[in-house]
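Below you'll find the structure, written out as C-alpha cells, and then a few comments.
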Number of protein chains: 2
Amino acid sequence: MDLDERKMKILQAIIRTYLETGEPVGSRTISKYTDLNLSSATIRNEMADLEELGYILQPHTSAGRIPSDKGYRIYVDEMMREREESLNNREKKLDEMQNILLEKVDRVETLLQNVTRAVADNTKYAAMISTPHMHDNRLKFIQLSSVEGEKILCVMVLEGNIVKNKILKVEGQLDNETILKLNILLNSTLNGLTLEQIHMGLVAKLTGQAGEQSELIKAVLDAVVEAISPEEDMRIYTSGATNILKYPELNDSERASLLIGALEEKQMLTNFLTNGDEENKGIQIYIGDETLVQSMKDCSVVTATYELEDGLKGTIGVIGPKRMDYEKVVETLRSVKEQLDDAYRRIT
Amino acid sequence: MDLDERKMKILQAIIRTYLETGEPVGSRTISKYTDLNLSSATIRNEMADLEELGYILQPHTSAGRIPSDKGYRIYVDEMMREREESLNNREKKLDEMQNILLEKVDRVETLLQNVTRAVADNTKYAAMISTPHMHDNRLKFIQLSSVEGEKILCVMVLEGNIVKNKILKVEGQLDNETILKLNILLNSTLNGLTLEQIHMGLVAKLTGQAGEQSELIKAVLDAVVEAISPEEDMRIYTSGATNILKYPELNDSERASLLIGALEEKQMLTNFLTNGDEENKGIQIYIGDETLVQSMKDCSVVTATYELEDGLKGTIGVIGPKRMDYEKVVETLRSVKEQLDDAYRRIT
DNA sequence: TGTTAGCACTCCATAAACTTGAGTGCTAAC
DNA sequence: GTTAGCACTCAAGTTTATGGAGTGCTAACA
C-alpha cells in the first residue's frame, strides 16, 4: 500500500509536532493541527494504518505515536520544506559568521574551531569538523636547513600549501654546501610524487646517490612518508558535546556517557567525516541505525562536505537527537559550507 | 581548640570511609573501623566537636557526617600517607606507560594526548594537559624560502626546537639572491630576541634596511611576533570527561553539563595549567572552592608541573569529585611527571 | 572526669496504594 | 467513509506507610 495524500499529511503533522514537543502525539492533537478537518477517530484509523506500514510507532499501548526511523527518513527525503527564513534573519546569521571569521583567524585550525563552536551554538546540538585533507597528497617543496649543531630542520610543503616539519639528528656537522646539494637532489627527485610512487623502490635509488649522507636521506624519506600519509593529515574538532544533555531522550547517564565519549574519542567520527557522498549538494543525513555507530543509534547525524580552493576537502557534521530540527540543521550547514569556501579564500 | 591525636584518628577514619563509599558515615561505622576501641556514643561526642570545628558536616540532621573542604584540606596536608604500592604493581604501570610512549609518538602532541588518556583511564577521573611552553620565547632560527610564484614560506625555530611556519604573499617574484640576503639580515637581527625586545622599535630599523622589501619584512615581523606570543604556544588536551558522569554527586545533568562544558571549552583550565607553584615537587591540590571556578566547586583538581629538558614547562591535571582518591591521583601524577621528562629525552 | 548504654526522636529512602489524564480500539450510528 | 461515544489501558504523579540509619541527650558507671 502506498501513502495517499491524506496519510502523507497526517504523517507530516505527526512528525512536525513530535519534533517540536518531543512527546508522543495523540490523535486529538492532529485532528486540531491539520487543515484537513477530520475528527480524532478518523485520525486514529489512519494512524493505525501508518503504524502497520512502519512509519510510526507506539512507545506503549495507550500512548500517542512517535516517528520510526522509516518515518524520519521519508520526512527528510520528501516532506522537508526549505525553511522560509526571513532575509533579515539570514543576513544576521551571515553577519555573525563574518564576525567570527574576522577575529584573528590567521590559522585555519582556529577558524575551524570557531566555526564548529558557532554551529554548535547555533543549532544547540553537538558539532564536529574534519580539517581539510586531500585524497592523495603530493610533495611540492622540501628543504633541509642546519639549525644548530647536529640538528637538521626538514620542512615540507604539500599540495594545498600544508606545511609540515620535523627535526632530524645527524652525526657530525653538515656544511652549507652539502645541504644545498641535498636540497637540490631531494626537490628534483621527490616533488609531485604520491605515497605509492615514493614507496616504489625510490628509497634504494636515492640512498645510492646520496653517498655519505644515506642515513640522513633515509630519515628524510621517513619524514616525507609520514607527512603525506593520509592518517596524518586529518584532525577532528568537536564542540557542544554538552548540548546532548539537553535532550531528555539522550540524557540517561549511560547513553550520554557513551555519546560524549564518542565525541571525545573522535575515532568513530571518521566514519562520517571521510566517505562523504557527492550528491545532494554534499549534504548527508544519517538517521538512527543508519549511523552504523552503536552509541549513536538514538541520534541522527547531518554532514556537509566543504571544499577549499585547492581541492582540499573536509566535512562538517552535526549530531543531535533523532527528533532534531532537520530543516534548521541542513540550512545552517549549507550556509556554513558556502561561507567556509568563501572565507578561506579571503584569509589565505 | 586544637585537634588531639584521637580526634585526628577519628577524622581520618571518617574521611577514608567516605572516600571509599561516598555515603555519609555514621558513628557506629567508625566505632568498628578504628583500632582505638571506642563506643559509638563516644564517637558521637567527638564528631559533634569535629563538626563544631568545621572539619565535617551533616547533610541533614540524623544523617552521618561527610568531610568539609577544611576536612579534605587537613587530610591532604597532614594525613595522607604514601600509597604503599606493591613494587610489582608499580612496575606494571610503568610498563604500560612505556608501551604508550613507544607506539609511534614522533610528535610531542600525540604523546601528550596519549598520556592524558592514560591518566584518565588509570584514575577514572578527567585529565587535562597543557603543551609545554616557555615563559619567554626566543627566536633561534628563521628562514624564508620561495615555494612557488608569489608565495614565500617563512619557517621559524624557537628556543626548545618548536617549529612554526607561515605562508606569506608577496607582490612579484623574488630571486634567490634577494631571499638569501633577507635571510641573513633576519637571522642576524632577530635571533635570540624576546617579544619585548622585538616590540622596541625594531620594526622601523629593519624596514629601513630592507629597502624595497619593507612590505615583506613587515609581514615577517608580524609572523614572528605571533609565533613567539605566549598565547600562541600553549594548547590544552583533555580526556575522560565522561568519567565525571560516574560519580553520583556530580551526575545531575546541570552540574555535569557545566563541568564537561568547562573541559571542552578549555578556557577556564588555563587557571590551573599556567601558574603552577614550585613547592611540593610541583604537585598542587585544589579542593572545592579553592579551584576558583564556579562550575568546579564540587570538584577537586590535582596538578603536576613537568619540565622538559630545554626548560619547556607544562602542566598535567586531574579533575574529579572532592572525594577523589587523592593518594592514587598524586601517585599517578608523580610517576607520569617523571616518565614524561624521561621519555621526552628519548624521542627527540 | 571520661566513657558507655539506652531511649526517644528525626529524617530519608523505598515501596505500596491510589489518582489522574491522555490516548487508544472498537462499535454503532450517521 | 466518517464520526460520536464508551470502556479500557497504561504511565506518571501524589499521597501514605514503613523501616532503618543515625543523632542528641540523659543517666549510670569505672
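Quantities reported herein were computed from a predicted structural model and do not represent experimental measurements. A note on names: the letters A, B, ... follow the listed sequences, proteins ahead of strands, and every chain is numbered from 1.
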Which range-with-range stems can be found for DNA chain C when each stem has 3 or more Watson-Crick or G-U pairs in a row and both distances sit under 3.5 Å?
C:1-30 with D:1-30

Under the 3.5 angstrom rule, does the side chain of A:S130 hit a backbone N or O of A:I236 as a donor-acceptor pair?
no

N/O to N/O distances under 3.5 Å, protein versus nucleotides 28-30 of chain C:
none

Donor-acceptor check, side chain of B:T116 to backbone of B:I129, threshold 3.5 angstrom: yes or no?
no

For DNA chain C, whose closest nucleotide is more 5', that of B:N37 or that of A:M47?
B:N37

For the pair made of CG in B:N45 and C1' in C:dT1, what is the distance, rounded to whole Å?
13 Å

Parallel, tilted or perpendicular: which fits the ring planes of A:Y286 and A:F272, with parallel below 30° and perpendicular above 60°?
perpendicular

Could you tell me whether the side chain of B:K322 and the main chain of B:P67 form a donor-acceptor pair under 3.5 Å?
no

Taking OP1 and OP2 of C:dT3, is either one under 4.0 Å from a side-chain nitrogen or oxygen of B:T42?
no

With sequence neighbours excluded, what pairs up with A:Y237 under the ring pair (Phe, Tyr, Trp, His ring centres under 6.0 Å) test?
none

Within the distance-only criterion (no hydrogens, no angle test), does the side chain of B:S31 pair as donor or acceptor with the backbone N or O of B:S27 below 3.5 angstrom?
no

For a quick check under 3.5 Å, do A:R117 and A:S239 share a side-chain donor-acceptor pair by atom type?
no

Quick one: does B:Q58's side chain have a donor or acceptor within less than 3.5 Å of a partner on B:A63's backbone?
yes

Contact list please: residues 20-32 of chain B against DNA chain C, heavy atoms, distance less than 4.0 Å, in numerical order.
none

Close residues, residues 55-63 of chain B, relative to DNA chain C [heavy-atom separation under 4.0 Å]
B:H60, B:T61, B:S62

Between P on C:dG2 and CG on B:L38, what's the gap in Å once rounded to a whole number?
14 Å

Looking at side-chain heavy atoms only, is the closest gap between B:K246 and B:N243 below 4.5 Å?
yes

Is atom CE of A:M268 surrounded by more than 12 heavy atoms (other residues, nucleotides or ligands) closer than 6.0 Å?
no

For A:R28, does the CZ atom have more than 12 heavy-atom neighbours from other residues, nucleotides or ligands under 6.0 Å away?
no

Is the side chain of B:Y247 donor-acceptor paired with the backbone N or O of B:G22 at a distance under 3.5 Å, no angle test?
no

Taking A:S68 for its side chain and A:Y55 for its backbone only, find out whether a donor-acceptor pair lies under 3.5 Å.
yes

Are there over 12 heavy-atom neighbours, none belonging to A:R73, within less than 6.0 Å of that residue's CZ?
yes

So, A:K328 side chain and A:N122 main chain: donor-acceptor pair closer than 3.5 Å or not?
yes

Nt span of DNA chain D in reach of chain A heavy atoms at under 4.0 Å, 5' end first, is D:dT2 to D:dA11

